[in-house]
Amino acid sequence: MATGFFKVPTPVNEPVKSYAPGSPEREELQRTYKELKSKQLDVPMYIGGDRVYTDNKQPMVQPHDHRHILGHFSEGDASHVEQAINAALAAREMWSNMAWEHRASIFLKAAELLAGPWRARLNAATMLGQSKNAYQAEIDSACELIDFLRFNVQYATDIYRMQPESSPGVWNRMEHRPLEGFVFALTPFNFTAIAGNLPTSVALMGNVVVWKPAHTQVYAAHMIMELLQEAGLPDGVINLIYVDGPTTGDVVFSHADFAGIHFTGSTGVFQNIWKTIGNNIHKYKTYPRIVGETGGKDFIVAHRTAEAKQVATAITRGAFEFQGQKCSAASRAYIPSNLWDEVREYVIEDLKSFKMGPPEDFSNFINAVIDEKSFDKIARYIDNAKESNEAEVIAGGKTDKSKGYFIEPTVLLAHNPQYITMCEEIFGPVITLYVYDENNWEDTLELVNATSPYALTGAIFSKDRYAIEYATKKLSDAAGNFYINDKPTGAVVGQQPFGGARASGTNDKAGSMLNLLRWVSARSVKETLNPATDYRYPFLGEDK
Ligand SMILES: NC(=O)c1ccc[n+]([C@@H]2O[C@H](COP(=O)([O-])OP(=O)(O)OC[C@H]3O[C@@H](n4cnc5c(N)ncnc54)[C@H](O)[C@@H]3O)[C@@H](O)[C@H]2O)c1
Ligand SMILES: N[C@@H](CCC=O)C(=O)O
């Protein structure tokens with residue numbers, strides 16, 4: 001029980017370490033990377049207080065060296081999903097009744113551990129298991145996850161502070177209750193921070209969770225679980241299982257106590273989940289909360305007044321960091337005819353300077369894509385472009401999966417603005433450029449708005465304030481995160497709350513109060529301090 005109205009430590013974004021040659025953080029990260037790489041882990045599921053091992057061992061590989069196994073995880077089946085739900089429901093009473101400051105303290109401690117002794121470990125795991133370079137790992141598994149943990153505590157207290165007015169003789173209160181049941185956190189491969197945030201943001205608000213990460217991210221996911229345990233998370237509050245998606249879905253979405261899903265992943269999977277929940281709606285005790293952040297076809301549009309070098313840099317960083325495997329990655333760009341020659345030259349110059357290889361060599365800007373399925377899908381888009389007369393490959397285009405899943409950063413030039421790679425999410429290091437007549441700014445914005453079903457991120461470049469104002473209005477539904485004179489990636493918790501609309505998701509803005517509001521169910525309590533004792537209105541019984 002709280003004995004005060006506590007102020008939480010003011011969150012500040014975790015500074016990004018440089019990993020410059022000779023820096024202590026670089027030395028520690030390299031040492032930890034080598035240590036992890038040299039041993040094989042046997043990774044269990046975490047259900048209630050148990051570490052659960054099965055005979056169904058699945059390999060965890062390095063995408064940049066797929067014969068090198070980092071260990072195995074124990075894959076579960078439907079019975080493990082049931083066990084995880086039961087463990088969550090068993091933990092619910094104690095956890096939901098724990099005073100908020102004690103819940104919050106666990107996640108603040110996790111942030112502190114991650115900022116200190118756990119930083120190199122989780123960064124190295126993300127580099128090894130997801131093939132991120134040191135900088136990309138640092139902004140994800142260290143800084144963004146630390147920020148989620150700290151800022152969410154602030155947002156939770158802001159929610160608890162939201163209270164109604166009271167009239168004389170009455171005290172009105174608002175309780176922000178956890179949801180009645182368990183919440184399912186279903187997380188993608190590409191961001192360790194998202195894998196950590198989806199279950200913890202929900203648990204912070206007093207909910208119990210079943211968490212299923214992507215199979216290709218289990219290596220870092222289990223370390224998050226161990227970090228949370230070290231921070232004092234009680235057994236059963238978050239239950240981590242590795243069961244294939246459809247099997248998990250069958251059990252979770254048929255359960256009467258299913259109270260919500262916190263999803264990040266592809267649009268197709270989310271739409272199927274929504275349909276299943278709709279079909280099962282009569283089975284649930286309460287209407288489940290459905291939160292899903294999904295795919296994107298993120299754009300850069302340059303106005304004729306833009307600086308070519310700035311546009312080119314936004315393209316090369318926005319499209320190719322982490323091999324384009326960010327939901328926010330720039331994957332279509334609209335270049336005015338007056339800037340085309342310069343932009344093309346700068347982009348090609350940048351691409352020539354990129355080094356590609358494993359993340360242990362810190363000079364590699366580009367690493368591998370996540371797995372063979374992704375590799376083959378991306379390679380197909382590139383091969384089709386090579387054959388097409390509606391597009392051409394102007395840089396990159398080579399692929400090689402013999403040792404690791406390497407795809408050269410690739411720039412396509414579309415002659416048709418509706419060419420398939422201008423419309424569909426590829427989720428790899430491929431961007432398609434389209435050159436428009438510099439005088440066709442308004443029509444081009446219409447084209448940008450209407451070309452793809454997604455609306456996640458987008459960027460405009462211009463030095464003309466009227467053009468900026470016009471584009472900002474014209475594209476108001478085309479992106480949930482809109483950038484002016486910047487690349488469309490790299491949102492920071494507390495600064496650019498993240499999420500998109502249309503086919504990109506429910507736009508519940510991870511890393512903001514708006515998201516946490518989805519994980520509470522408010523109860524209004526009215527207490528009358530001096531209850532009425534007479535039913536009559538003052539005028540009843542009056543003579544006419
Ligand atoms: N909008 C955002 O904030 C955001 C952030 C990161 C990634 N993404 C999107 O995520 C996608 C990449 O991640 P991914 O490849 O891991 O996504 P994915 O949809 O393949 O997988 C996401 C999760 O769903 C599970 N899953 C897959 N099929 C399932 C099924 N039939 N039933 C139940 N669960 C199932 C996976 O095992 C994984 O845990 C991209 O589309 C990207 O744009 C979006
Ligand atoms: N929030 C990240 C993208 C997360 C999706 O993959 C960004 O803004 O770049």
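In each ligand, atom 1 is the first atom listed, and ligand 1 is the first ligand listed. This one's a predicted model, so the numbers in the text were calculated from it and none came from an experiment.
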Nearest heavy atom to [atom]: which of [options] does it belong to?
atom                    : options                : value
atom 7 (C) of ligand 1  : T294, N190, I194       : N190
atom 15 (O) of ligand 1 : F263, Y242, F189       : F189
atom 19 (O) of ligand 1 : G480, S266, G292       : S266
atom 30 (C) of ligand 1 : A214, G499, P246, A329 : P246
atom 37 (O) of ligand 1 : H215, K212, K509       : K212

Side chain, backbone, both or neither: [X] near ligand 1, heavy atoms under 4.0 Å:
X    : value
A510 : neither
F498 : side chain
V269 : side chain
F270 : neither
T216 : neither

message: As a quick check of understanding, evaluate salt bridge (Lys or Arg N to Asp or Glu O under 4.0 Å) for K326 and D298, giving each step before the final call.
response: CA-CA 10 Å; K326 300 189 184 192; D298 311 299; over 6 Å; no
query: If you count the non-hydrogen atoms of other residues, nucleotides and ligands that lie under 6.0 Å from NZ in K403, is the total more than 12?
result: no
query: Should P213 be listed as contacting ligand 1, given a heavy-atom distance under 4.0 Å as the test?
result: yes
- request: Using distance alone, with no hydrogens and no angle criterion, decide if Y19 and N123 have a side-chain donor and acceptor under 3.5 Å apart.
  value: yes
query: Salt-bridged, R119 to E14, with N to O below 4.0 Å?
result: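 Between E14 and R119 there is a salt bridge, with a charged N closer than 4.0 Å to a carboxylate O.
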task: For N190, counting its heavy atoms only, list the atoms of ligand 2 lying under 4.0 Å from any of them.
output: 5 (C), 6 (O)
message: For the backbone of N367 and the side chain of Q323, can you confirm whether one donor and one acceptor N or O come within less than 3.5 Å of each other?
response: yes
Side-chain touch H262/F184, heavy atoms, less than 4.5 angstrom: no
message: Any protein heavy-atom neighbour for atom 21 (O) of ligand 1 (distance below 4.0 angstrom)?
response: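 Under the 4.0 Å cut-off, atom 21 (O) of ligand 1 has no protein heavy-atom neighbours at all.
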message: Is there a salt bridge (Lys or Arg N to Asp or Glu O under 4.0 Å) between E226 and R121? Walk through the geometry before answering.
response: CA-CA 11 Å; E226 294 197 333; R121 190 168 156 75; 3.8 Å; yes
